[in-house]
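Beneath this line is the structure, given in structure tokens, with notes to follow.
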Amino acid sequence: MAGHSVLEYVPLHLSALDVSSGLEAWIRSWWISDYGNLITLTPEGWFSTVHQGGCYLWAPAPAAIDVVVEQLGEARHKRPWSTHVVVIPRIMTGRWRGNMIKETNFWVEIPAELPFWEADRYEPLTLLLAFPLLDRQPWNIIRTPLLDELSRELRKMWKQGDERSRSFLRELLLWARKLRIMPAGMVWTVLHRPAWKSFSNSSGDG
């Protein structure tokens, strides 16, 4: 490390979008237009744009993650019908992962060996999704068997080079929308019966 800044090895000041030129395009490849336009937030937007309501992509630098956890929680409280996508390099997780998981509905770690997150990144990437709140019980989709199983299946796909992950993520977004129009009695049943194989019939690229 002689002659090099420690930030070159632990880039706390850089976001996932800063270090990966293909990451945002990959996210937009599985985003579905039914939700609306996905707005990439600037640091300034964490305090203004996000509180207007809509669909937002957060990509904070690890050094700013404490602020983002707070602002995401406030944004969800003010605009519960908004949708949020968050990508964070797996650095300093003790400072943010537990609280960030509480503010979102789904999370998965992406290995550093994919075209949009290459091996020279060293650390995996954490992807989190926050869906709009439901207008009926259970109100919020939190850590259910279905979502846990889907997270495991996605990690297995990336490890094995399976090219269906984008289709799975698209289906996950569609599934979350369908929950809002399901009869109340069906929502709990769907959330607590692992059925990730229903996603596996989809086709697409990783």
Side-chain angles (χ1 to χ4, degrees), residues 11-110 116-117 123-136 138-144 147 151 154 166 169-181:
L12 303 180
H13 63 304
L14 297 177
S15 75
L17 298 185
D18 290 331
V19 299
S20 175
S21 59
L23 178 58
E24 183 170 357
W26 174 77
I27 293 169
R28 293 185 180 281
S29 73
W30 49 261
W31 181 255
I32 57 175
S33 59
D34 290 1
Y35 275 80
N37 183 40
L38 182 64
I39 299 170
T40 302
L41 292 171
T42 64
E44 294 77 15
W46 303 343
F47 303 92
S48 56
T49 307
V50 74
H51 297 297
Q52 298 171 14
C55 303
Y56 301 102
L57 171 59
W58 304 67
I65 194 63
D66 291 342
V67 175
V68 166
V69 171
E70 180 180 350
Q71 290 302 310
L72 176 59
E74 186 174 340
R76 295 200 79 200
H77 178 73
K78 287 183 176 180
R79 299 288 185 268
W81 315 125
S82 292
T83 304
H84 305 271
V85 179
V86 187
V87 284
I88 315 168
R90 197 187 68 178
I91 300 173
M92 301 171 61
T93 56
R95 290 184 56 186
W96 58 264
R97 184 159 59 185
N99 288 332
M100 184 62 80
I101 289 173
K102 290 178 183 177
E103 295 294 348
T104 55
N105 305 111
F106 174 82
W107 73 282
V108 64
E109 285 191 346
I110 300 172
F116 57 88
W117 192 252
E123 291 290 346
L125 177 71
T126 304
L127 168 69
L128 305 102
L129 302 176
F131 304 121
L133 296 183
L134 303 175
D135 59 359
R136 67 200 72 184
W139 313 111
N140 196 13
I141 308 168
I142 301 176
R143 295 304 302 275
T144 69
L147 293 179
S151 180
L154 279 168
R166 288 191 297 183
L169 289 165
R170 279 192 289 266
E171 291 296 327
L172 175 58
L173 292 173
L174 289 170
W175 169 84
R177 284 185 64 85
K178 291 175 183 176
L179 285 179
R180 299 188 65 189
I181 60 174

Which is it for Val50 and Leu72 under the side chain to side chain contact (heavy atoms under 4.5 Å, CB included) test, yes or no, and what are the steps along the way? CA-CA 8 Å; Val50 74; Leu72 176 59; 5.9 Å; no
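Partners of Asn99 according to the side chain to side chain contact (heavy atoms under 4.5 Å, CB included) rule, which considers only residues two or more places apart in sequence or in another chain, are Val69, Lys102. For Arg90, the side chain to side chain contact (heavy atoms under 4.5 Å, CB included) criterion is met by Thr93, Arg97, Glu109, Glu123, Pro124, Thr126, not counting sequence neighbours. Phe131 pairs by the ring-ring contact (aromatic ring centres under 6.0 Å, His included) definition with nothing, not counting sequence neighbours. Shown here are the salt bridge (charged side-chain N to carboxylate O under 4.0 Å, His left out) partners of Arg177, two or more places apart in sequence or in another chain: there are none. Ser82 meets the side chain to side chain donor-acceptor pair (under 3.5 Å) test with no other residue; sequence neighbours excluded. Annotation: side chain to side chain contact (heavy atoms under 4.5 Å, CB included) contacts of His51 (sequence neighbours excluded): Gln71, Glu74, Ala75, Lys78. A search for ring-ring contact (aromatic ring centres under 6.0 Å, His included) contacts involving Trp30 returns Trp26, not counting sequence neighbours. With sequence neighbours excluded, the residues that form a salt bridge (charged side-chain N to carboxylate O under 4.0 Å, His left out) with Asp66 are Arg95.
The side-chain heavy atoms of Asn105 and Leu129, taken from C-beta on, include no pair separated by under 4.5 Å. The shortest distance between side-chain heavy atoms of Phe106 and Leu154 falls below 4.5 Å.
Here Asp18 contributes atom CG and Leu23 contributes atom CG; the two are 10.5 Å apart, rounded to the nearest 0.5 Å. A distance of 5.5 Å separates OG1 of Thr83 from OH of Tyr35, quoted to the nearest 0.5 Å. One finds the CG atom of Leu174 at 11.0 Å from the CG atom of Leu169 (value rounded to the nearest 0.5 Å). With rounding to the nearest 0.5 angstrom, the CH2 atom of Trp107 is 11.0 Å from the CD1 atom of Ile88.
The salt bridge (Lys or Arg N to Asp or Glu O under 4.0 Å) analysis of residues 24-33, with sequence neighbours excluded, yields the pairs Glu24-Arg28. The list of salt bridge (Lys or Arg N to Asp or Glu O under 4.0 Å) pairs with a residue in residues 30-53, not counting sequence neighbours, is empty.
Taking all atoms of both residues into account, the shortest heavy-atom contact from Trp81 to Leu133 is CZ3-O, 3.0 Å. Residues Glu103 and Gly73 share a closest heavy-atom pair of OE1-CA, 3.3 Å. A pairwise comparison of heavy atoms in Arg170 and Ser29 identifies NH1-O, 2.8 Å as the closest pair. Nearest heavy-atom pair across Pro89 and Trp96 is O-CZ2, 3.7 Å.
Judged by distance alone, the side chain of Trp31 and the main-chain N or O of Gly36 form a donor-acceptor pair under 3.5 Å. Between the side chain of Thr104 and the backbone N or O of Met100, at least one donor-acceptor pair lies under 3.5 Å.
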Donor-acceptor pairs under 3.5 angstrom involving side-chain atoms of residues 54-65: please list them, not counting sequence neighbours.
{"from": "Tyr56", "atom 1": "OH", "to": "Thr49", "atom 2": "O", "distance (Å)": "3.1"}
{"from": "Tyr56", "atom 1": "OH", "to": "Gly53", "atom 2": "N", "distance (Å)": "3.3"}
{"from": "Tyr56", "atom 1": "OH", "to": "Gly53", "atom 2": "O", "distance (Å)": "2.8"}
{"from": "Trp58", "atom 1": "NE1", "to": "His84", "atom 2": "ND1", "distance (Å)": "3.0"}

